[in-house]
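Have a look at the structure that comes next, please.
Order of the sequence lines sets the chain letters (A, B, ...), proteins ahead of strands, with each chain counted from 1.
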Protein chains: 2
Amino acid sequence: MGIHRASISDLAAQLNLSVSTVSRALSNNSRISEATKQRVMELARQLHYQPNHLAAALRKGRSNTLGVVIPHIDGQFFALVVKGIETLANQAGFNVMFCQSNEKVEQERKNIEALLNAQVDGILVSISLSTHEFGHLEEVRRRGIPLVFFDRILDRPDTSAVVLDDYQGGYDAVCHLLEQGCKHIAHLGGPQHLNICKNRYQGYVDALGSYNHPLDPALVHFSDLSMQDGRDGMEILLRQAPNLDGVFACNDLALVGAMHTVKRQGLRIPQDIALAGFSNELFDSLTEPMLTSVDQRCEEMGRTAVQMLLEMISAGDQAVAPRHVVLQPTLLIRESSQRHG
Amino acid sequence: MGIHRASISDLAAQLNLSVSTVSRALSNNSRISEATKQRVMELARQLHYQPNHLAAALRKGRSNTLGVVIPHIDGQFFALVVKGIETLANQAGFNVMFCQSNEKVEQERKNIEALLNAQVDGILVSISLSTHEFGHLEEVRRRGIPLVFFDRILDRPDTSAVVLDDYQGGYDAVCHLLEQGCKHIAHLGGPQHLNICKNRYQGYVDALGSYNHPLDPALVHFSDLSMQDGRDGMEILLRQAPNLDGVFACNDLALVGAMHTVKRQGLRIPQDIALAGFSNELFDSLTEPMLTSVDQRCEEMGRTAVQMLLEMISAGDQAVAPRHVVLQPTLLIRESSQRHG
DNA sequence: TTAGTTTGTGCAAACGTTTGCACAAACTAT
DNA sequence: ATAGTTTGTGCAAACGTTTGCACAAACTAA
């Protein structure tokens, strides 16, 4: 029997039917008699017939494949988003192709091109740190391939996206610190051209405003938010403002770095300095003290993005209006910020 | 200009050439004159021509796509393996399709079928907890699609795989504990039908043997290795053997659970009980004390698996001999087990 | 009877490539 | 001048599906 895969025409030949009849029988077309359907199904089973998606995709102009581009998969966030994406896509009968840009816009461009060549039906993108403009995505638009951004987006009026309400997350975290009695709250911020970092920072600023606290530049430090950046940033902040008594970090990796510095200097958490971060990483509950953090609803973000993409795909030509879905974050209060109660 | 994508025949028409000539020009075939190539390339650029992989794949019987099935993507391990896979595959010009079985053999079967239908050129699998036999993979073999297992494998003589030397990792970890002066070392083990758990356990057994320590059943506890399993398991072990002074856990999640129990009972780490785990999770350096663990070379495992798969693919029909690659683990000694020095 | 409908099937084109073969034109060697 | 080779191009089939259209046979309604 060899390696040859049974095709529709093999079935047709053995059953003395035409390929079209077999094709219709397999897709349960109502014009085909029950008897014929039975015969076809039976033989298909016997011969281990498996449809060739490529051929069908070529003919139908639709591959039932989705493309995903993420900056990287380290850390929990993107892994969980991908999990959500894959789960829902699979349920809907779509395969998922997966690429990492490694935070390089050039690689991102190549990823997009590869996905387009593979004839994906839609694309999900979270942009890289080095992506500042839309250029390489024009081709996607030109071809009319549905595109949905998630988490890290390019803020254009004509695009669809699903994001977390990072502003609210930052606002909530900082309000919480203020309510715990913090008077001088510092911020470890990330690259400000990224929507997420900018919005979290803005939440910090506005929370201070709401409580009539001044915004002190000596209390703000920007970096790329690695753990080491957190350690270094915290040292700088403590030098600049020895009286600081709270920290809101743009992510948990930087926060854990800050925690190291705070401990090393013999300060107590949360009594001397209260800490809050962003992302609700797994390790937040494993450190001592456990870290307060804003949960990002990763899987839900992935699922929502797929849902939007599928809607756009099935809408086909009659373009659906671009839409921004904003997920509400949840502040998870843990030991690092809880001073009483 | 609409949504229509330029195809080879569009180029051909505009240049008064045949499709075959254009096709060859695009693939830089030596039978085509430089002049013609230039003309074709130029127009292709102007019209934003992008080849249709689907059509090429259909014709060539080769999709330049690899399929990956993993049990889940939570935690660091599989995420990093996937990173390694995607990186190398992309470099080699392959796209990657990605599926999760969620530890269900039934889902695994569906994943495999979807990948086969999508005509992937090769498949990488790490089996689910509930996979005990080869059945659903027969079809892969029947079709002659190259298959490589990684990490969690089905132990059959006729398959290729890349695994960690889990036995050695377990052996090294337990030897280390013995050298630190532990006399009664417990083991938190995982499902024994999984090669990785079985081998780590065997390493534990043999290390004890090497140091002429008896194997005490009261010191061994099996579970599914969640954090809670670790907590519960540790309580049971401490009841069964109050004199235990060391623990080797089959993964770090269970180990961190064990750590909680140990701390809660007021015992000191590592002085009273020394701890060692497996996987070198990110959080190992963030707990107090930091946890000793065996590093698994995740990305390298992914890259190696892809490399083997690509070799098999390019070998085509003349089947290459099944091969097992075994990566050597590294024991990372941290505070949780270091009693002196 | 006639005309019209329903039911089941087949023909053939199309999707966008790749590639074996053929062939004309232009050289090269005798 | 003849035969042989090289160079550049085109024809047409093939990959495995899907689908608009046609059509024969068997009903239904008058």
Take the protein atom CZ of B:Arg62 and the nucleotide atom P of C:dG16, then report the distance between them rounded to whole Å.
-> 23 Å
side-chain hydrogen bond (donor to acceptor under 3.5 Å, both in side chains) partners of residues 91-101 of chain B, not counting sequence neighbours, each pair once | A:Glu86-B:Gln100
In whole angstroms, how far is the C1' atom of D:dC11 from the CG atom of B:Asn16?
-> 16 Å
Got a list of protein N/O to nucleotides 13-15 of chain D N/O distances below 3.5 Å?
unit_1: D:dA14; atom_1: N3; unit_2: B:Arg59; atom_2: NH1; d: 3.2
unit_1: D:dC15; atom_1: O2; unit_2: B:Arg59; atom_2: N; d: 3.2

Under 4.0 angstrom between B:Thr36 side-chain N/O and D:dT9 OP1 or OP2 = yes
Can you tell me the distance, in whole Å, between the NE2 atom of B:His53 and the P atom of C:dT17?
-> 11 Å
Does the side chain of B:Ser33 get closer than 4.0 angstrom to OP1 or OP2 of D:dT9 through an N or O atom?
-> yes
Whole-Å distance between D:dT17 C1' and A:Gln50 CD?
-> 15 Å
Going by the salt bridge (charged side-chain N to carboxylate O under 4.0 Å, His left out) test, which pairs reach into residues 51-80 of chain A, not counting sequence neighbours?
-> A:Asp74-B:Lys83
Residues 20-41 of chain A vs ring pair (Phe, Tyr, Trp, His ring centres under 6.0 Å), sequence neighbours excluded, gives none
What integer distance in Å separates A:Arg5:CZ from D:dG16:C1'?
-> 9 Å
Name the pairs: protein N/O against N/O of nucleotides 21-27 of chain C, kept only if under 3.5 Å.
none

Base, sugar-phosphate, or nothing for B:Leu54, non-hydrogen atoms under 4.0 angstrom?
-> nothing
Remember a base hit wins even if backbone is also touched, and classify A:Ser27 as base, sugar-phosphate or nothing at under 4.0 Å, heavy atoms.
-> nothing
The complete set of ring pair (Phe, Tyr, Trp, His ring centres under 6.0 Å) pairs with one or both residues in residues 63-106 of chain A, sequence neighbours excluded, reads A:His72-A:Phe78, A:Phe98-B:Phe98
Paired stretches of DNA chain D - 3 or more consecutive Watson-Crick or G-U pairs, each distance under 3.5 Å = C:1-30 with D:1-30
Please give, in whole Å, the distance from C:dG16 P to B:Leu26 CG?
-> 15 Å
Just grab all the ring pair (Phe, Tyr, Trp, His ring centres under 6.0 Å) pairs involving residues 117-155 of chain B, residues at least two apart or on different chains.
-> B:His132-B:His193
What is the distance from CG of B:Asn29 to P of C:dG20, rounded to the nearest Å?
-> 11 Å
OP1 or OP2 of C:dT17 sitting under 4.0 Å from any side-chain N/O of B:Ser23?
-> no
Write out all pairs satisfying salt bridge (charged side-chain N to carboxylate O under 4.0 Å, His left out) with one or both partners inside residues 63-72 of chain A, taking only residues at least two apart or from two chains.
-> none
Interatomic distance where CD1 belongs to B:Ile32 and P belongs to C:dT18 [whole Å] = 13 Å
Does anything in residues 8-34 of chain A pair up under ring pair (Phe, Tyr, Trp, His ring centres under 6.0 Å), and if so which pairs, sequence neighbours excluded?
-> none
Taking the side chain of B:Ser18 as heavy atoms from C-beta outward, which of D:dT17, C:dG10, D:dG10 is closest to it?
-> D:dG10
When rounded to the nearest 0.5 angstrom, what is the spacing between CZ in B:Arg141 and CD1 in B:Ile123?
-> 12.0 Å
Quick one: do the A:Asn117 and B:Gln50 side chains pair a donor with an acceptor below 3.5 Å?
-> yes
In short, salt bridge (charged side-chain N to carboxylate O under 4.0 Å, His left out) pairs touching residues 119-129 of chain A with sequence neighbours left out are none
Rounding to 0.5 Å, atoms CD1 (B:Ile127) and CD (B:Glu103) come to a distance of 9.5 Å
Please list all pairs passing the salt bridge (charged side-chain N to carboxylate O under 4.0 Å, His left out) test where one or both residues lie in residues 129-140 of chain B, with sequence neighbours left out.
-> B:Glu139-B:Arg142, B:Glu139-B:Arg143
Short side-chain N/O contact from A:Ser20 to OP1 or OP2 of C:dC11, under 4.0 Å = no
